[in-house]
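Within every chain, numbering begins at 1; the chains are lettered A, B, ... in the order of the sequence lines, protein sequences first and strands thereafter.
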Number of protein chains: 2
Amino acid sequence: MVTTSSESQLPSSPYRADCPTRRILDRIGDRWTVLIVGALWDGSARFSELRRRIEGVSQKMLTQTLRALERDGLVQRTVYPEVPVRVEYTLTEAGRTLREPLRALEEWSITHLSDVSASQKAYDRAAS
Amino acid sequence: MVTTSSESQLPSSPYRADCPTRRILDRIGDRWTVLIVGALWDGSARFSELRRRIEGVSQKMLTQTLRALERDGLVQRTVYPEVPVRVEYTLTEAGRTLREPLRALEEWSITHLSDVSASQKAYDRAAS
DNA sequence: CGGTATCCTGACTGATACTG
DNA sequence: CAGTATCAGTCAGGATACCG
């Protein structure tokens, strides 16, 4: 699972922040990425459409997150120079491969989140 | 497709921040959680041992993250009232179930991160 | 329509000092 | 050893205004 990268370190090489799992979490662990990927899953969408679909996202964060996804090659941005301009966002092939790990997370969440909630309540009760 | 009258607002907001995937990312998407889980994977460890194993973690963040994991029921904390005191941290059953989703992420990372890096470089080159 | 640019606030994080 | 407490810096992210 969590391993260090293949730098030829000493055998005592600890758990470094550049392990693969942490690096991908840096990419998708932010507030909006997985919601955008989810919103694009069924096909392309325009900027305004995405903004409407994703509850609470600001224009700035939507732009910023889409740009990051485009830079990573996970989302393709296509500009149609009509008047007014139309911009479509689509998941790339690579972007679609994110589905599996995301679904694994979702499954864990669905099966364990109620236990986690219960544990939190018990912990908080004991603390008081 | 979800269509609703203007009176019903329940089905009209598809991608909410409280979706299961986002909620679990809120828990494990931070800087240290997955590294701690990884460091505990092979068995229990004491506080100092963890601190030595996880590169760059501060005392404060290690404590804070371990407390959160304990509160969530993913890590068990056991105090042995010796002198000096000894404290052992162990993954719970629930904590161990995190392995599957984390491994899915790791696998994605390993197979796609070089493509992502290449895409970033191309993107940045085009931007200049 | 689909953005940029700018300012600002609160959360996350680290450094440091102290303690049972 | 295994923390707690306090302070300070960084930065993600929101609000707002403007633009091609």
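OP1 or OP2 of C:dG3 lies within a sub-4.0 Å distance of a side-chain N or O belonging to A:Tyr89. Contact between the side-chain N/O atoms of A:Arg86 and the OP1/OP2 oxygens of C:dG2 is not found at any separation under 4.0 Å. The shortest distance between the side-chain N/O atoms of B:Ser48 and the OP1/OP2 oxygens of D:dA2 is below 4.0 Å.
Of the candidate nucleotides D:dA2, D:dG13, D:dT6, D:dG13 has the atom nearest to the side chain of A:Lys60. Listed nucleotides D:dA2, C:dG3, C:dG14 differ in distance to B:Gln59; the shortest reach to its side chain belongs to D:dA2.
For B:Thr65 (side chain) and B:Leu62 (main-chain N/O), no donor-acceptor pair under 3.5 Å exists by modelled atom type. At distances below 3.5 Å, at least one donor-acceptor pair connects side-chain atoms of B:Tyr15 with backbone N or O atoms of A:Gly38. For the pair A:Arg96 (side chain) and A:Trp41 (backbone), a donor-acceptor distance under 3.5 Å is present.
Here the P atom of nucleotide D:dC1 and the CG atom of B:Leu50 are 14 Å apart, to the nearest Å. We find that CZ of B:Phe47 is positioned 11 Å from P of D:dC1, with the value rounded to whole Å. Atom CZ of B:Arg51 and atom P of D:dA2 are 11 Å apart (whole Å). In this structure, B:Ile36 atom CD1 and C:dT13 atom C1' are separated by 14 Å, rounded to whole Å. Regarding A:Met61, its CE atom lies at a distance of 15 Å from the P atom of D:dC11, rounded to whole Å.
In this structure, A:Arg22 forms no cation-pi arrangement with B:Trp32, as its terminal cationic atom is not both closer than 6.0 Å to the ring centre and no more than 45° off the ring axis.
If you run salt bridge (Lys or Arg N to Asp or Glu O under 4.0 Å) between B:Glu49 and each of B:Arg46, B:Arg53, B:Arg51, only B:Arg53 comes through.
Toward the 5′ end of DNA chain D lies the nearest nucleotide of B:Arg46, the other residue of the pair B:Arg46 and A:Val85 mapping further downstream.
Here A:Arg31 lies in heavy-atom contact (under 4.0 Å) with sugar-phosphate atoms only.
Annotation: proximity of residues 63-84 of chain B to DNA chain D (heavy atom, distance under 4.0 Å) is found for B:Thr63, B:Arg67, B:Arg77, B:Pro84, numbered in ascending order.
The heavy-atom pair separating B:Leu69 from B:Arg27 by the smallest distance is N-NH2, 4.2 Å.
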Inset, instruction - Determine, stepwise, if the pair B:Arg103 / B:Glu106 fulfils salt bridge (charged side-chain N to carboxylate O under 4.0 Å, His left out). - result: CA-CA 5 Å; B:Arg103 188 163 56 176; B:Glu106 186 185 29; over 6 Å; no
